[in-house]
There are 2 protein chains.
Amino acid sequence: MSIKHQQLINYLECAVSLPEETQEIIRECFMLRRFKKGQYILNEGEFCRYNNFVLQGAFRMFIVDENFKEHNLQFAFNNWWIGDPKSFFNDVTTRLNIQCFENAEVLSVTKANQEKMLESCPELNSLFREKFRNSMIRSYDRILSLIGSNAQSRYKDFLETYPQYLHRLPNQYIASYIGVTPEFFSKLKKEYWQQSKAS
Amino acid sequence: MSIKHQQLINYLECAVSLPEETQEIIRECFMLRRFKKGQYILNEGEFCRYNNFVLQGAFRMFIVDENFKEHNLQFAFNNWWIGDPKSFFNDVTTRLNIQCFENAEVLSVTKANQEKMLESCPELNSLFREKFRNSMIRSYDRILSLIGSNAQSRYKDFLETYPQYLHRLPNQYIASYIGVTPEFFSKLKKEYWQQSKAS
DNA sequence: TGCCCTTCTTAACCTACTTCAAGGTACTGA
DNA sequence: TCAGTACCTTGAAGTAGGTTAAGAAGGGCA
């Protein structure tokens with residue numbers, strides 16, 4: 001009876017109460033994996049076989065463009081899910097990379113096992129649907145901000161949206177997330193703090 | 001028994017077979033609405049009360065930024081769904097506008113009625129989940145292309161992804177969708193066709 | 001047929017952001 | 001304690017894409 005799995009069960013039980021049978025399935029189906037800082041858990045060109053629930057640590061998901069530049073798409077910390085849904089659900093190879101940047105523990109589940117869990121507890125379906133919806137809404141907001149606003153206000157948005165993770169994120173990762181170079185990000189920050197001091 | 005609703009039922013039955021009872025609910029719950037070219041079916045600041053299935057015609061969804069510039073996020077043609085999921089599901093006001101740009105007929109459903117339909121036919125849940133997933137994957141791809149590539153290759157991607165709709169879309173709408181001004185889009189096109197002629 | 005109105009294109013100039021290069025700062029480990 | 005390395009900042013020069021303004025090219029309609 002792993003204490004690790006209990007963290008996932010507690011997380012799920014915030015939304016629905018899980019029958020003992022489902023809890024058992026979760027303990028069987030979710031595999032505990034550990035990663036060291038720097039390690040990749042998914043590489044471009046592979047199939048994404050696992051959906052991952054982060055117990056502790058931190059991950060970033062990024063693409064590498066034709067000039068070998070990295071672009072961060074998403075981060076994941078405690079109690080977040082991370083994986084490439086496109087590759088996971090559609091059995092295609094991924095364009096994404098996922099790298100651990102703080103030593104981490106995750107619980108990983110295959111597609112078959114995830115379906116097994118959802119079948120055993122239909123209430124979880126609505127939870128997962130909601131997670132999906134939220135994640136879709138977040139990516140919609142992301143598109144809006146990439147299309148409709150400049151770097152300065154994307155930086156402001158980031159500060160407002162993720163204040164609690166700022167200190168765990170290297171500047172270069174944030175720069176890449178909001179879509180500018182580290183050099184320009186440096187200037188953005190300076191400008192921003194000068195302005196907010198003035199007002 | 002509206003022939004209009006039959007189009008929706010046919011569309012759904014490509015994936016799941018619907019019991020007569022569910023078909024009846026669909027006929028009752030989906031409201032037929034008609035729009036003329038130019039008309040708005042959703043305005044920034046309103047609540048998105050309806051999820052809309054497009055029978056015929058064409059729509060675009062866009063935001064207006066602080067400089068009153070429009071940015072197209074998505075289009076919708078026959079047999080597509082359109083609405084703002086964030087506003088629809090979370091009962092918040094929307095930042096989006098949806099405008100008809102070819103005379104159109106849609107079937108609209110409220111959140112309560114959509115839930116009623118899903119309850120009556122649980123198989124539809126997985127269909128809707130899949131639609132969500134696809135729509136999430138599409139927006140993910142959109143972020144990837146906005147972040148990871150320049151305007152020229154976003155234009156190429158658009159040509160490859162939506163060849164069948166090109167002739168129904170004014171250049172300025174495509175320009176806005178890929179995230180450039182109409183003027184710059186003009187240059188892109190010229191450059192693209194010169195290159196492809198040369199090779 | 002011709003006119004108005006919207007859309008598209010072209011060109012000159014402008015700016016937000018990138019690139020490149022250099023120096024500063026701060027962990028990390030022997 | 002010191003060196004090595006990764007990270008952050010600064011500045012100068014370059015570029016992708018925006019702005020403005022004007023003309024060209026359709027397309028609906030009298």
Side-chain angles (χ1 to χ4, degrees), chain A residues 36-39 58 60 62-72 75 99-103 145-159 165-195 197, chain B residues 36-39 58 60 62-72 75 99-103 145-159 165-195 197:
Chain A
K36 293 205 71 166
K37 178 173 174 168
Q39 218 174 338
R60 69 188 181 109
F62 62 95
I63 46 163
V64 179
D65 70 19
E66 69 261 31
N67 304 318
F68 291 89
K69 296 242 167 72
E70 297 179 356
H71 302 271
N72 289 325
F75 304 111
Q99 187 187 27
C100 170
F101 67 92
E102 276 179 19
N103 292 342
S145 79
L146 283 170
I147 279 189
S149 50
N150 62 11
Q152 183 67 253
S153 62
R154 291 205 298 278
Y155 174 52
K156 238 163 64 184
D157 285 352
F158 188 86
L159 290 180
Y165 298 114
L166 276 182
H167 66 288
R168 295 170 71 179
L169 290 166
N171 280 333
Q172 52 176 336
Y173 287 178
I174 303 177
S176 164
Y177 183 91
I178 69 173
V180 297
T181 57
E183 294 90 342
F184 190 67
F185 183 70
S186 221
K187 286 170 205 168
L188 277 185
K189 264 175 49 182
K190 197 175 155 191
E191 199 181 328
Y192 176 79
W193 293 112
Q194 278 173 356
Q195 272 177 19
K197 201 165 52 182
Chain B
K36 293 205 70 164
K37 178 173 174 169
Q39 218 174 336
R60 69 188 181 110
F62 62 95
I63 45 162
V64 179
D65 70 17
E66 68 260 33
N67 304 317
F68 289 89
K69 297 244 166 72
E70 297 178 357
H71 302 273
N72 289 325
F75 303 111
Q99 186 186 28
C100 170
F101 68 91
E102 275 178 18
N103 294 340
S145 79
L146 283 170
I147 279 189
S149 50
N150 61 10
Q152 182 68 251
S153 63
R154 291 204 300 278
Y155 174 53
K156 239 164 61 186
D157 285 351
F158 188 87
L159 289 180
Y165 298 114
L166 276 182
H167 66 289
R168 296 170 71 179
L169 289 166
N171 281 333
Q172 50 175 335
Y173 288 176
I174 303 177
S176 164
Y177 183 91
I178 68 173
V180 297
T181 57
E183 293 88 346
F184 191 68
F185 183 70
S186 224
K187 285 181 211 165
L188 279 185
K189 265 175 49 180
K190 195 174 155 192
E191 202 180 326
Y192 177 80
W193 293 112
Q194 277 175 357
Q195 272 178 20
K197 201 164 54 183

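Every chain is numbered from 1, with letters handed out A, B, ... down the list of sequences.
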As a test of reading the structure: which of D/dC8, D/dG11, D/dG17 is closest to the side chain of A/K189, going by heavy atoms? D/dC8

Are B/N67 and D/dT19 close enough that a side-chain N or O sits under 4.0 Å from OP1 or OP2? no

Length of the NZ-P vector between A/K187 and D/dC8, whole Å: 16 Å

Of the options D/dT10, C/dC17, D/dG18, whose atoms approach the side-chain atoms of A/V180 most closely? C/dC17

Counting heavy atoms from C-beta on, name the nucleotide in C/dC8, D/dT19, D/dC8 closest to the side chain of B/Q172. C/dC8

Side-chain N or O of B/K190 versus OP1/OP2 of C/dC8: is the shortest distance under 4.0 Å? no

Nearest to the B/T181 side chain among D/dG18, C/dT9, D/dT9, which nucleotide is it? D/dG18

Given atom CG of B/L188 and atom P of D/dA16, what is their separation to the nearest angstrom? 12 Å

Find out whether the Lys NZ or Arg CZ of B/R60 is both under 6.0 angstrom from the six-membered ring centre of B/F62 and within 45° of the ring's axis. yes

Looking only at side-chain atoms of A/E183, point me to the closest of D/dT19, C/dC17, C/dA21. C/dA21

Ignoring the backbone of A/P170, work out which of D/dG11, D/dA21, D/dC8 is nearest its side chain. D/dC8

For the side chain of A/F184, counting heavy atoms from C-beta on, which of C/dC17, D/dT19, C/dT7 is nearest? C/dC17

